[in-house]
Amino acid sequence: MPAITLPDGSVRSFDGPVTGTTVAEAIGPGLAKAALAMEVDGKLCDIRQTIHKDAALRFITRKDPESLELIRHDAAHVLAEAVQALYPETQVTIGPSIENGFYYDFYRSEPFSPEDFAAIEAKMHEIVAKAEPFVREVWKRDDAIRFFEDRGEKFKAELIRDLPEDEEISIYRQGEWLDLCRGPHLRTTKDVGNAFKLMKVAGAYWRGDHRNPMLTRVYGTAWRDKKELDAHLHQLEEAEKRDHRRIGKEMGLFHFQEEAVGQVFWHAKGWRLYTALQDYMRRAQTRHGYQEVRTPQLVDRALWEASGHWDKYRHHMFIATVEDENKTLALKPMNCPCHVQIFRHGLRSYRELPLRMAEFGACHRYEPSGALHGLMRVRGFTQDDAHIFCTEDQIADETVRFVKMLHAVYQDLGFEHVRVKFADRPEQRAGSDAVWDKAENALKEACAVAGVEYEHNPGEGAFYGPKLEFVLRDAIGRDWQCGTLQVDLVLPERLDASYIGEDSGKHRPVMLHRAILGSFERFLGILIEQHAGRFPLWLAPVQVVVASIVSDAAPYAEEVAAALREAGLAVEADVRNDKINAKVREHSVARVPVILVVGRREAEERTVAMRRLGTQAQESLSLEEAVTRLKNEATPPDLRKKG
RNA sequence: GCCCUUAUAGCUCAGUGGUAGAGCAACCGCCUUGUAAGCGGUAGGUCGUGGGUUCAAAUCCUACUGGGGGCACCA
């Protein structure tokens, strides 16, 4: 006699086991029509599922966010049926719903191409129109394996074989077609609707392992209605407009070319942006008690062997040799071993700890070609790297200090939302379990002291120690992992770093590896996308353009530009023989934050007409006032007078 | 590295077997101009590179290199 409790608190009793469909019909025809699935005691399931005992029930309609996931998952099934109908030799594997859509991985000797999309989409619409009910069946394991093997579906058979013994093998049918699937699903294929679109094909390794065969993955996006779909497609276009590679080209910030793959040619404007950020970081570091150092680019392999990097990362290092000398050197892929060399140069006292050693370390890594991505993933980059040599007792305090500094920097740079992840020991690692226990516990404790709340990220630590990962969210909601703090008890041991303690004995320091930006290249890529190239004044590559209206005003325009330059601003004078409309347009398109327009009147009165990017308003003010105000406004946030 | 895709003028792109095109930018001239494109003219490309098919290749095939989207990788 199940009693069904509904979200409004009301209870309905039934004489015997009932399906969700029956309950919905009992409540009313409107709900019966709208209910796509249901949640029974918090668990999402098919609406046709039978409820045997008392339960809390909530119906899922198109309005509920859960419906999107179901629509997407079902769209993947519809895609798979369509593909097998058109290309019967294709084997199916898996097809989950993902953010904004779904994908399905197929195995086929000839991979699909976007040219096949039109035919596949047409078939999908046919299947949706047929309104085939999704019917759940539970099969015996052996029957299921035999069934799929008989059909030549080796991948599916393998999946079933690998399911845990006690797992129920459920099959979903939609008309003639069926698939192994945990569910749940909508009522019929019709519920998928027509707001879907196939987006791209991509290769993906079977079970995510590069030793396995390559499958063809077809990605699609799916929404509740056409309006949502269009909004999503529009958003994709908007994101494309802020792509840092596009903006970098438009604003003349940097370029890449074949002769230096994965390395940036910074142009004058991009370099101003870069150095503005670097200057800021240098000030922040100095303020927080770091000393800056500089270490060699080319270092003998012996050091990398000692640190353990040679063993693990040799194939990702650029190796250099000299003809006349039988030596192998490597371009440094990281700075830590070099910093240890400075630390161990001469005797260190406990009085020097914590010793915070920073370097804008230029590193090179031979990243796989497929990993390269604009500024975000390059082969030559510069880290805002630092290593804190300290005692175990100082870990907590240093963590507190670092987290504070990191938040201040992110805030100055315009990022408010920061998450923390705790990455613990990976499978392949250096150091004993005892050392790892110690390092992980120390870091956890430090988090507690610093009041840092974190998510767990299992197995993702560095090979020498656990790490905190700082993830920031940008203006359009994307997450970027930038900052990191790593506790390392291994490298000081391997590279024999020591200090003399209070007891006159030798001790091992702890090394904290830390970065806030990560790499300048990547962080600038993020900054470009964050601001869509419209930087705050202190970062803008060209801060002000002084544009003359008539040639008579040209000398005054030059004078205004000179005054601003004297005040430390990046300014250009545009005295070309062109219409003011054209000049304003050109510099607006170039995202110059401030345009000062000067004509005959301004020259006579010694004023400027100020126009801000993104507005049409003009403000007339005296030259002196303009210089004072712009100089103040262009001051980096950390140098601005507070309050 | 693997799969798909792509490469034409400085930029954005059209041209799909029959003598390389447009817009913007550049350069030259005219216009002295009041807040998002004034007008006219000139110049600019061995169509990414190497092979091949063909009477004929930007166009078809093939390899390589770079770019893009994923997968794998990310000390």
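Lettering of chains follows the sequences in order, A, B, ..., and the numbering in each one begins at 1.
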Can you tell me the distance, in whole Å, between the [atom1] atom of [X] and the [atom2] atom of [N]?
| X | N | atom1 | atom2 | value |
| --- | --- | --- | --- | --- |
| A:His210 | B:C73 | NE2 | C1' | 9 Å |
| A:Asp578 | B:A25 | CG | P | 9 Å |
| A:His364 | B:C74 | NE2 | C1' | 17 Å |
| A:Glu367 | B:C73 | CD | C1' | 8 Å |
| A:Arg314 | B:A75 | CZ | C1' | 15 Å |
| A:Met317 | B:C74 | CE | C1' | 15 Å |

Polar pairs (N or O, both sides) under 3.5 Å between protein and nucleotides 13-15 of chain B?
none

Considering only [options], which nucleotide approaches the side chain of [X] most closely?
| X | options | value |
| --- | --- | --- |
| A:Val550 | B:A75, B:U5, B:U32 | B:U32 |
| A:Tyr313 | B:A75, B:A37, B:G66 | B:A75 |
| A:Ala202 | B:C73, B:A75, B:G70 | B:G70 |

Are A:Glu158 and A:Arg207 within salt-bridge range, i.e. N to O under 4.0 Å?
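Yes, A:Glu158 and A:Arg207 are salt-bridged.
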Would you check if the distance from the ring center of A:Phe112 to the ring center of A:Tyr87 is below 6.0 Å?
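Distance test on ring centres: under 6.0 Å, yes.
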Does atom CD of A:Glu238 have more than 12 heavy-atom neighbours from other groups under 6.0 Å away?
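Count over threshold, so yes.
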So, does the side chain of A:Lys579 form a donor-acceptor pair with the base of B:C31 at under 3.5 Å?
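Donor-acceptor pair under 3.5 Å: yes.
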Going by 5.5 Å between centroids and 30° between planes, is there a stack of A:Tyr464 over B:A75?
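Ring-base stacking flag not set for A:Tyr464 and B:A75.
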Write down the partner of B:A22 under the Watson-Crick or G-U wobble criteria, each distance required to be under 3.5 Å.
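Per the H-bond distance test, B:U12.
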Can you check whether A:His316 has a side-chain N or O nearer than 4.0 Å to OP1 or OP2 of B:G1?
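Answer no for this pair, as no side-chain N or O of A:His316 is under 4.0 Å from OP1 or OP2.
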For the student: nearest non-hydrogen atoms of A:Gly252 and A:His267, plus distance
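Nearest pair, atom of A:Gly252 first, then A:His267: O-CB, 3.4 Å.
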